[in-house]
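The structure under discussion appears below in the form of structure tokens.
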Amino acid sequence: MRHPHSTGYSTAQALPRSFDFQLRALVLTALALCCALFAVPAHAGPFGNLFSRETTLEIKDGTVSLPVSDISAKASFYKVKIEGVDVIFFALLDSAGKVRVALDVCDSCWQSGKGYKQQGDSMVCQNCGLAFHSDRIGLRKGGCNPHPVAYSLSDNSVVIPAAELEPGVKFFGSR
């Protein structure tokens with residue numbers, strides 16, 4: 001006796017052969033994509049930082065340098081490896097055109113690992129939502145202020161001593 005809701009055909013027989021092939025191709029593609037995502041080291045993020053917002057810099061002669069011409073009112077994010085830890089910082093120009101540099105963490109919310117995002121002329125903590133106008137970046141240390149980074153200007157470059165970025169190891173290394 002047939003089931004009352006049965007059409008008498010199994011699902012595999014009712015589907016066109018090309019649909020079955022497309023479904024198998026889709027499943028295999030999804031499986032391959034999952035394998036690729038899990039094959040990348042966890043600290044590198046999905047796709048091995050292909051879509052990372054940070055530009056990787058290196059320490060040379062105890063400093064990190066970036067061209068002033070690369071800095072604008074839009075925050076640029078950078079990362080540099082210190083003691084095996086990726087320390088992330090950002091740089092931007094304030095309303096007067098002065099360079100502002102800070103770690104992408106604060107003393108209060110660093111454990112969230114969320115850092116800051118830019119909204120208009122302000123950097124906003126992505127954990128607590130406090131906003132800091134670009135003119136205030138790098139002026140205060142502590143609380144939810146972006147951790148300031150001292151720098152100097154030399155030959156159209158922003159020069160940051162590695163020692164200024166080393167406090168970031170404490171924040172970024174223990175997440």
Side-chain angles (χ1 to χ4, degrees), residues 30 33-60 62-153 157-175:
L33 183 60
C34 287
C35 289
L37 284 173
F38 288 110
V40 174
H43 66 276
F47 304 105
N49 287 335
L50 181 63
F51 301 107
S52 174
R53 69 178 180 164
E54 298 100 18
T55 300
T56 302
L57 300 174
E58 293 183 18
I59 297 173
K60 293 180 182 169
T63 62
V64 173
S65 296
L66 51 138
V68 173
S69 60
D70 286 356
I71 301 172
S72 67
K74 181 181 178 200
S76 297
F77 290 82
Y78 304 92
K79 71 178 171 188
V80 61
K81 194 167 284 294
I82 299 175
E83 299 175 17
V85 174
D86 287 332
V87 174
I88 301 169
F89 65 98
F90 61 85
L92 74 160
L93 295 178
D94 67 10
S95 62
K98 181 179 179 185
V99 175
R100 302 287 181 162
V101 182
L103 295 178
D104 191 28
V105 293
C106 68
D107 291 344
S108 299
C109 302
W110 65 272
Q111 292 175 322
S112 73
K114 296 180 179 178
Y116 290 85
K117 66 180 178 182
Q118 188 170 21
Q119 285 183 342
D121 292 339
S122 297
M123 297 303 289
V124 178
C125 175
Q126 296 189 75
N127 187 52
C128 70
L130 284 176
F132 300 89
H133 193 274
S134 63
D135 294 351
R136 293 181 50 199
I137 303 296
L139 294 181
R140 288 189 172 174
K141 184 178 179 182
C144 206
N145 292 289
H147 193 92
V149 173
Y151 67 90
S152 61
L153 296 174
S157 293
V158 173
V159 180
I160 303 168
E164 281 295 317
L165 299 170
E166 286 174 357
V169 171
K170 173 181 78 175
F171 299 119
F172 295 102
S174 56
R175 288 184 183 171

Output for pair (L103 CG, L165 CG), nearest 0.5 Å, gives 6.5 Å

Distance col, row K79:NZ vs I88:CD1, nearest 0.5 angstrom, shows 6.5 Å

- Query: Under 3.5 Å, side chain of S72 to main-chain N/O of K74, donor-acceptor pair present?
  - Reply: yes

Report task. Verify, without hydrogens or angle tests, whether Q118 (side chain) and G120 (backbone) share a donor-acceptor contact under 3.5 angstrom. Result -> yes

With sequence neighbours left out, the residues meeting salt bridge (charged side-chain N to carboxylate O under 4.0 Å, His left out) with D94 are R100

Scanning both residues in full, the closest heavy-atom pair of A131 with V124 reads CB-CG2, 3.9 Å

dist K81:NZ -> E58:CD (nearest 0.5 Å) comes out at 11.0 Å

When rounded to the nearest 0.5 Å, the distance separating SG of C106 from CG of N127 is 7.5 Å

Tightest non-hydrogen contact, residues I82 and A162, listed as CD1-O, 4.2 Å

Rounding to 0.5 Å, atoms CG (L92) and CZ (F77) come to a distance of 8.5 Å

>> With a 4.5 Å cut-off on side-chain heavy atoms, are V80 and I59 touching?
In response: yes

Tightest non-hydrogen contact, residues P161 and V159, listed as CD-O, 3.8 Å

Using a 3.5 Å distance criterion without hydrogens, assess whether the side chain of Q126 forms a donor-acceptor pair with backbone atoms of Y116. yes

Requested in this report: Tell me yes or no: between the side chains of S95 and D135, is some donor less than 3.5 Å from an acceptor?
Outcome: yes

Whether R53 and D104 form a salt bridge (side-chain N of Lys/Arg under 4.0 Å from carboxylate O of Asp/Glu) is what I want to check. yes

Here the pair of heavy atoms bringing D107 nearest to F171 is OD1-CZ, 3.2 Å

Value for CZ (F89) from CD (E54), rounded to nearest 0.5 Å, stands at 10.5 Å

Notebook entry, point to check: Got I160 and T63 here, is their nearest side-chain heavy-atom distance under 4.5 Å?
Noted result: no

Please list, one pair per line, the donor and acceptor atoms closer than 3.5 Å that link side chains of residues 139-152 to other protein atoms, with sequence neighbours excluded.
unit_1 : atom_1 : unit_2 : atom_2 : d
N145   : ND2    : G142   : O      : 3.0
Y151   : OH     : V99    : O      : 2.5

